[in-house]
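As a basis for the values below, the full set of heavy atoms in this structure was taken, side chains included, without hydrogen atoms, waters or symmetry mates. Residue numbering restarts at 1 for every chain, and letters A, B, ... go by the order of the sequence lines.
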Amino acid sequence: DAGVTQSPTHLIKTRGQHVTLRCSPISGHKSVSWYQQVLGQGPQFIFQYYEKEERGRGNFPDRFSARQFPNYSSELNVNALLLGDSALYLCASSLLADTDTQYFGPGTRLTVL
Amino acid sequence: GQSLEQPSEVTAVEGAIVQINCTYQTSGFYGLSWYQQHDGGAPTFLSYNGLDGLEETGRFSSFLSRSDSYGYLLLQELQMKDSASYFCAVPSYGGATNKLIFGTGTLLAVQP
């Protein structure tokens, strides 16, 4: 079975632009979470979606938004990009909304110039 | 606040045993997970301790002591491919949310 997939793998944007990152969970998994990992640090929680509803939001500005589609895939959108948004964006899926192991995708490396 | 502390770097030789410690301060503790991440790739789930004691999975073992707010990951018979970053993480369940709070990460370098 395929694991969590993310696209694109790498992305270069300039300040002020908008970006959309995509994630497909493991087949059968209904929960998708997004994390930001800045170089040298652990991943930081951004959002969790379950059954197309937002279940949790981390300490990120409103420039960050996300949604989940009927097939449980998800998009993360970031508006008005800042240099500090440069990071590895990771998507994780789990079967349940809570009390369940999360499995991570390979991430999208975003560079903001 | 919630925090998990790990040593920043550990170095060991092939075939040796290494222990990576994690101390935590969290509210509503449910258990401790460990993830491996190679050079900015996908974090890979290694183990989860929901109860005190030792969990063994092949060459890797993980230990938890709730009373000490402490856990560790033990890697035996080290191989070069074990060179990676290792993160401890705690799930934070609240409002039907499953989010992971990660530690600072430990970079393990295995030398020949």
Side-chain angles (χ1 to χ4, degrees), chain A residues 2-6 9-10 23-26 29-60 66 86-111, chain B residues 1-9 20 22-26 28-51 55 57 62 71 73 84-109:
Chain A
V4 178
T5 59
Q6 294 186 242
T9 54
H10 295 85
C23 169
S24 292
I26 292 171
H29 284 195
K30 299 181 178 181
S31 174
V32 170
S33 297
W34 287 94
Y35 292 80
Q36 180 197 64
Q37 186 176 24
V38 174
L39 196 63
Q41 297 181 19
Q44 298 287 318
F45 174 78
I46 310 176
F47 284 110
Q48 183 196 5
Y49 276 78
Y50 180 76
E51 292 279 19
K52 296 174 288 181
E53 290 186 0
E54 182 183 302
R55 288 300 187 96
R57 184 185 186 107
N59 189 23
F60 281 82
S86 295
L88 180 68
Y89 288 85
L90 295 162
C91 172
S93 78
S94 60
L95 188 62
L96 305 174
D98 56 10
T99 64
D100 196 19
T101 299
Q102 294 186 46
Y103 297 90
F104 285 82
T108 294
R109 173 70 64 187
L110 172 65
T111 301
Chain B
Q2 304 185 68
S3 66
L4 295 90
E5 295 295 325
Q6 305 176 232
S8 58
E9 291 185 28
I20 299 174
C22 173
T23 57
Y24 59 86
Q25 267 190 313
T26 64
F29 180 79
Y30 296 94
L32 190 68
S33 297
W34 288 92
Y35 284 82
Q36 177 193 61
Q37 187 178 34
H38 281 100
D39 199 21
T44 303
F45 172 77
L46 293 176
S47 68
Y48 173 75
N49 292 72
L51 301 173
E55 294 282 342
T57 309
S62 57
L73 180 69
S85 291
Y86 291 83
F87 294 91
C88 57
V90 293
S92 176
Y93 304 131
T97 297
N98 176 12
K99 72 175 182 182
L100 286 168
I101 300 169
F102 283 84
T104 50
T106 299
L107 182 61
L108 171 63

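Between B:F87 and A:Q37, the shortest heavy-atom contact is CZ-NE2, 3.6 Å.
At a 4.5 Å heavy-atom cutoff, the contact between A:Y35 and chain B is made by side-chain atoms alone. Both the backbone and the side chain of A:Q102 have a heavy atom closer than 4.5 Å to some heavy atom of chain B. Residue B:T104 touches chain A through its backbone alone, counting heavy-atom pairs closer than 4.5 Å. For A:E54, no part sits under 4.5 Å from any heavy atom of chain B, backbone or side chain. In this structure, chain A has no heavy atom under 4.5 Å from any part of B:Q6.
Residues of residues 86-94 of chain A placed with any heavy atom under 4.5 Å of a heavy atom in chain B are listed by number as A:L88, A:L90, A:S94.
Taking NZ from B:K99 and CD from A:Q44, the interatomic distance works out to 9.5 Å, rounded to the nearest 0.5 Å.
Panel note: side chain B:Y35, backbone A:F104; no donor-acceptor pair is recorded below 3.5 Å.
Residues meeting the salt bridge (Lys or Arg N to Asp or Glu O under 4.0 Å) test with A:K30, sequence neighbours left out: A:E51. A:T5 is linked by a side chain to side chain contact (heavy atoms under 4.5 Å, CB included) to A:S24, counting only residues two or more places apart in sequence or in another chain. With sequence neighbours excluded, no residue satisfies ring-ring contact (aromatic ring centres under 6.0 Å, His included) with A:Y103.
Note on A:G56, A:P106, A:S33: by heavy-atom pairs under 4.5 Å with chain B, the leading option is A:P106. Listed options A:G58, A:G107, A:G105 were ranked by heavy-atom pairs under 4.5 angstrom with chain B; first place goes to A:G105.
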